[in-house]
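Encoded as structure tokens, the structure appears first; notes follow it.
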Amino acid sequence: TDSDTPTLPKKKKKFFNVFKLARHVLENLGQTIIPDLGSLESQNDFRTPEFEEFNGKSDSLFFNDGQRRIDFVLVYEDESRKETSKKGTNEKQRRKRQAYESNLICHGLQLEATRSVLDDKLVFVKVHAPWEVLCTYAEIMHIKLPLKPNDLKNRSSAFGTLNWFTKVLSVDESIIKPEQEFFTAPFEKNRMNDFYIVDRDAFFNPATRSRIVYFILSRVKYQLINNVSKFGINRLVNSGIYKAAFPLHDCKFRRQSEDPSCPNERYLLYREWAHPRSIYKKQPLDLIRKYYGEKIGIYFAWLGYYTQMLLLAAVVGVACFLYGYLNQDNCTWSKEVCHPDIGGKIIMCPQCDRLCPFWKLNITCESSKKLCIFDSFGTLVFAVFMGVWVTLFLEFWKRRQAELEYEWDTVELQQEEQARPEYEARCTHVVINEITQEEERIPFTAWGKCIRITLCASAVFFWILLIIASVIGIIVYRLSVFIVFSAKLPKNINGTDPIQKYLTPQTATSITASIISFIIIMILNTIYEKVAIMITNFELPRTQTDYENSLTMKMFLFQFVNYYSSCFYIAFFKGKFVGYPGDPVYWLGKYRNEECDPGGCLLELTTQLTIIMGGKAIWNNIQEVLLPWIMNLIGRFHRVSRSEKITPRWEQDYHLQPMGKLGLFYEYLEMIIQFGFVTLFVASFPLAPLLALVNNILEIRVDAWKLTTQFRRLVPEKAQDIGAWQPIMQGIAILAVVTNAMIIAFTSDMIPRLVYYWSFSVPPYGDHTSYTMEGYINNTLSIFKVVDFKNKSKGNPYSELGNHTTCRYRDFRYPPGHPQEYKHNIYYWHVIAAKLAFIIVMEHIIYSVKFFISYAIPDVSKRTKSKIQREKYLTQKLLHENHLKDMTKNMGVIAERMIEAVDNNLRPKLE
């Protein structure tokens with residue numbers, strides 16, 4: 001022991017010291033040094049940052065000494081210069097900030113403060129992490145860093161014969177040079193010699209440095225009250241003690257930096273990615289990942305791949321649309337509707353009580369022509385194709401994602417994710433871990449967790465009910481306004497007013513209801529975003545991934561009901577439960593149920609999808625582009641009017657817009673909602689993939705422009721995949737098969753037409769000698785006797801169409817005078833059987849193809865899997881060899897010292 005050392009003989013003492021040194025070296029192996037906390041607010045010996053004047057270098061990314069790089073910037077308003085009377089509050093805020101900054105210094109960070117050039121009340125605290133701090137926290141955060149250059153990652157193009165074409169679409173490698181690839185391993189300080197450290201200043205790139213500093217900023221304490229710690233930069237910003245906290249952009253986006261040490265990555269991203277002239281080029285994903293981190297890189301990789309796959313769907317969708325458009329003149333049932341001797345002589349029953357008139361079938365002539373475009377055989381082919389397409393997209397994306405994991409070195413991303421600071425602050429209950437049998441702290445007991453989950457689920461369920469209530473309100477609006485439009489709009493077609501051809505009561509009701517539905521959707525969406533964040537904060541997930549996944553499920557569940565409920569109503573409920581004119585079904589005992597046009601509700605569903613998809617795209621672009629641009633423009637105008645002084649890089653970035661706490665969460669949500677429209681209801685709107693393709697091409701560049709020019713730089717984050725959005729897309733893909741099969745079966749008139757063509761146009765049910773669609777309209781409209789109207793409809797005030805004893809309505813029922821009058825006829829049961837058979841057959845065929853494709857296409861390609869295994873083997877071999885070399889070297893040194901000590905001890909005796 002150390003206490004025995006002084007009692008040793010002098011000649012043996014030196015020999016023992018050699019072993020003592022070796023023992024201390026071995027004890028220190030594997031240990032991670034975590035700095036002490038330092039002073040809290042209750043203490044007075046604060047360590048404050050040094051104040052320096054701005055040196056006039058607007059592009060500088062360094063402290064005034066030109067050596068220490070700025071890794072993060074904190075901004076606050078000097079309380080002593082505030083024009084306010086709240087001196088007590090200002091003093092408390094000042095002491096909290098001083099305690100926080102003092103603790104940052106105690107953690108090893110270096111701070112330098114500079115007053116604003118334009119507003120002397122603002123102070124910018126620049127944060128620099130020195131080498132020792134970076135190494136310490138790189139080990140704590142399990143950051144993987146380079147071991148040696150990697151010669152395995154040779155990326156070969158799948159389109160070798162089209163190199164000339166792909167070269168045009170690719171980014172010029174002379175402008176954005178390819179990144180050098182390395183073998184990597186989690187950093188360890190005691191094995192620093194194993195890592196590829198050519199230049200200490202470049203070993204940790206700016207994104208990694210910012211991530212490490214943000215990790216520290218999020219966990220440093222600033223106040224301790226009743227053994228409860230308050231910590232983290234996020235809480236300080238939310239409470240107004242700091243106005244902002246952000247990493248720096250590296251230069252201006254319009255021109256290169258004058259500083260020779262600046263890599264000008266922002267300028268390159270703007271020029272080759274965000275600029276409109278690069279809209280046809282591939283995205284520089286490696287540079288995006290390097291500058292913004294893997295989390296943003298994987299988003300743009302997914303969005304780009306989704307857009308590429310949409311190109312195939314859009315081509316097939318346009319082909320199906322053109323097929324319907326070119327064949328609309330051959331649509332026999334539409335010709336019958338428009339024919340003056342057929343549709344012009346068919347008198348339809350009133351669609352509402354009291355005010356609705358009798359009407360002629362041919363007033364729906366134009367809508368029937370448009371319906372022929374969408375309700376054709378091409379729609380069936382396209383629905384089957386999209387069921388296969390969505391599976392191909394998801395499976396091939398998994399393979400692409402695996403490639404990115406290999407290329408971006410996130411294959412073995414550390415699974416032990418750090419707990420969120422908000423979670424750690426609430427850990428007051430002590431429990432025994434079942435695995436380690438050690439004590440650990442949790443924020444609440446099992447009973448408390450059940451209560452929180454119950455309350456959160458109840459809140460989400462309440463808001464979903466609120467959406468359903470709004471949908472019911474829209475339905476009531478439809479029923480009420482249809483009566484008004486039926487009374488006000490023209491009853492006859494005179495051919496002189498073109499508006500009369502298109503503005504029927506059904507069309508006017510559908511368009512106005514869709515617009516109002518869209519407005520309500522956007523209002524509820526804005527409110528629920530805040531509610532969902534409050535609910536998730538109350539739920540208190542442990543890690544940031546858990547937090548985002550929980551919020552994702554809540555938001556998507558709400559958005560699913562919010563955006564799709566009106567479409568589900570039109571597709572599967574409207575016109576399905578209306579009864580017949582003599583015995584109609586009423587909503588709430590007051591409002592008569594809506595009926596579809598004689599051609600069905602498919603055209604109305606198409607109108608609803610067009611308005612919601614188009615309106616959502618326009619609204620999102622206004623929100624994403626115009627609002628930040630206008631805010632920055634106003635800020636620039638205000639600053640220019642005050643001063644023409646040169647401003648530093650940190651002050652320029654401060655006046656950009658903050659991205660928001662959830663980063664690209666809303667971008668993902670927007671695209672997944674669009675993905676739902678493209679897949680769930682595509683049978684009614686083959687042009688949906690084309691609209692989505694055009695929107696996404698613009699969306700990529702708009703998001704790139706927004707991130708590069710209008711927003712502060714985000715804190716880089718690691719990500720292995722797109723998270724909870726992947727299972728959500730898989731769920732949508734499965735549901736899409738059912739919805740499209742049911743749209744074709746129950747919303748369109750394809751099945752009734754096929755049943756008529758093959759069974760009821762020829763004997764024994766029909767009078768034609770060969771299969772034909774002639775007589776289809778007459779066969780699908782049942783007859784009703786006017787004298788059988790109930791009291792609400794008997795007193796119809798409209799007599800423009802003459803006195804008629806019968807009228808027609810859309811259903812398959814026996815005529816008056818039949819033994820089973822007004823009961824469903826044999827045609828109805830044939831159609832129902834055919835619809836059910838079609839759904840079962842179509843679902844089984846598509847699901848079988850989907851499962852076969854999923855099985856046949858592995859999630860990770862054989863080539864990528866071999867690369868991963870090969871790199872892992874070589875990395876382990878490299879580390880093992882280096883470890884053996886170090887151990888051999890150390891043991892050799894120890895052996896030499898031991899021999900020397902023994903030799904020195906024995907030589908006098910021999911002499």
Side-chain angles (χ1 to χ4, degrees), residues 331-339 342-343 345-349 351 361-362 364 368 371-372 375-377 379-380 571-585 593-603 683 741-786 788 805-842:
C331 191
T332 305
W333 61 272
S334 177
K335 289 179 180 179
E336 291 184 351
V337 171
C338 299
H339 200 286
I342 302 176
K345 292 185 178 180
I346 294 178
I347 307 301
M348 302 296 293
C349 297
Q351 291 186 314
L361 180 62
N362 65 343
T364 62
S368 69
L371 189 61
C372 285
D375 195 359
S376 65
F377 179 73
T379 302
L380 172 61
F572 306 124
F573 295 98
K574 183 181 177 182
K576 305 299 185 293
F577 312 100
V578 296
Y580 63 97
D583 187 21
V585 178
N593 268 3
E594 284 186 284
E595 296 183 32
C596 294
D597 281 340
C601 285
L602 191 69
L603 188 60
M742 293 182 68
I743 286 172
I744 293 173
F746 291 105
T747 309
S748 78
D749 257 12
M750 184 175 297
I751 302 301
R753 289 200 301 269
L754 291 174
V755 170
Y756 176 79
Y757 182 84
W758 292 107
S759 297
F760 284 81
S761 63
V762 294
Y765 301 110
D767 301 327
H768 299 280
T769 56
S770 61
Y771 300 113
T772 180
M773 285 300 296
E774 293 180 4
Y776 170 75
I777 290 295
N778 185 63
N779 194 269
T780 55
L781 295 176
S782 300
I783 302 173
F784 182 76
K785 230 175 170 182
V786 174
D788 293 334
T805 57
T806 61
C807 61
R808 309 294 290 272
Y809 61 98
R810 176 184 165 82
D811 207 344
F812 307 113
R813 295 178 184 269
Y814 289 112
H818 191 278
Q820 295 183 334
E821 66 175 2
Y822 303 136
K823 301 290 185 183
H824 286 121
N825 57 24
I826 189 67
Y827 191 4
Y828 172 82
W829 298 112
H830 273 72
V831 169
I832 289 294
K835 287 180 176 182
L836 295 177
F838 171 80
I839 291 174
I840 293 172
V841 172
M842 180 177 174

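None of these values were measured; they are calculated from a predicted model.
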Q) Where does the angle between the aromatic ring planes of F784 and Y809 fall among parallel (under 30°), tilted (30 to 60°) and perpendicular (over 60°)? A) perpendicular

Q. How far apart are the closest heavy atoms of G579 and V585, and which atoms are they?
A. N-CG2, 3.8 Å

Q) What closest approach, in Å, do Y756 and G775 show between heavy atoms, and which atom pair accounts for it? A) OH-C, 3.3 Å

Q: Determine the minimum heavy-atom distance between V337 and L361, stating which atoms define it.
A: CG1-O, 3.8 Å

Q. Do the rings of F760 and H830 sit parallel, tilted or perpendicular, given the 30° and 60° boundaries?
A. perpendicular

**Q.** Taking every non-hydrogen atom, the tightest pair across A745 and I751
**A.** CA-CG1, 4.0 Å

Q. What's the spacing between D767 CG and T772 OG1 if we round to 0.5 Å?
A. 12.0 Å

Q. Has the side chain of T747 got a donor or acceptor atom that lies under 3.5 Å from a matching backbone atom of I744?
A. no

Q: For the pair Y827 and S759, evaluate side-chain contact (heavy atoms from CB on, under 4.5 Å) and give the outcome as yes or no after the intermediate values.
A: CA-CA 9 Å; Y827 191 4; S759 297; over 6 Å; no

Q: Find the distance between OH (Y814) and OH (Y828) and round it off to the nearest 0.5 Å.
A: 13.0 Å

Q.
Would you say that K345 contacts H339 through its side chain, given a criterion of any heavy-atom pair below 4.5 Å between the two side chains?
A. no

Q. Where the side chain of S782 meets the backbone of D811, is there a donor-acceptor pair that is under 3.5 Å apart?
A. yes

Q: Determine whether the side chains of D749 and Y776 contain a donor N or O and an acceptor N or O closer than 3.5 Å.
A: yes

**Q.** Side chain proximity check, M348 to T364, heavy atoms < 4.5 angstrom
**A.** no

Q: Give, for atom CD1 of I777 and atom SG of C338, the distance between the pair rounded to the nearest 0.5 Å.
A: 9.5 Å

**Q.** Gap between atom CD of E336 and atom CD1 of I346 - 0.5 Å precision
**A.** 8.0 Å

Q: Kindly indicate whether the side chain of N778, heavy atoms from C-beta on, has any atom under 4.5 Å from the side chain of R808.
A: yes

Q. Between W829 and H824, which heavy-atom pair has the shortest distance, and what is it?
A. NE1-O, 3.8 Å

Q. Quick check: are there more than 12 heavy atoms from other residues, nucleotides or ligands sitting under 6.0 Å from NZ of K576?
A. yes

(Q) To the closest 0.5 Å, what do you measure between OG (S748) and CG (L603)? (A) 12.5 Å

Q: Report yes if some heavy atom in the side chain of M773 is under 4.5 Å from a heavy atom in the side chain of C331; otherwise report no.
A: no

(Q) Testing the basics here: between P763 and H768, what is the closest heavy-atom pair and its distance to 0.1 Å? (A) CD-O, 3.2 Å

Q) Can you find a side-chain donor-acceptor pair between D788 and Y822 that sits under 3.5 Å? A) yes

(Q) Could you walk me through whether F812 and N779 satisfy the side-chain contact (heavy atoms from CB on, under 4.5 Å) test, starting with their C-alpha distance in whole Å, then the side-chain angles of each, then the deciding distance to 0.1 Å, before giving a yes or no? (A) CA-CA 8 Å; F812 307 113; N779 194 269; 5.7 Å; no

Q: Report the C-alpha distance between R810 and L781 in whole Å, list the side-chain angles of each, state the deciding distance to 0.1 Å, and finish with yes or no for side-chain contact (heavy atoms from CB on, under 4.5 Å).
A: CA-CA 5 Å; R810 176 184 165 82; L781 295 176; 4.3 Å; yes

Q: Any chance you could measure N362, atom CG, to I342, atom CD1, to the nearest 0.5 Å?
A: 11.0 Å

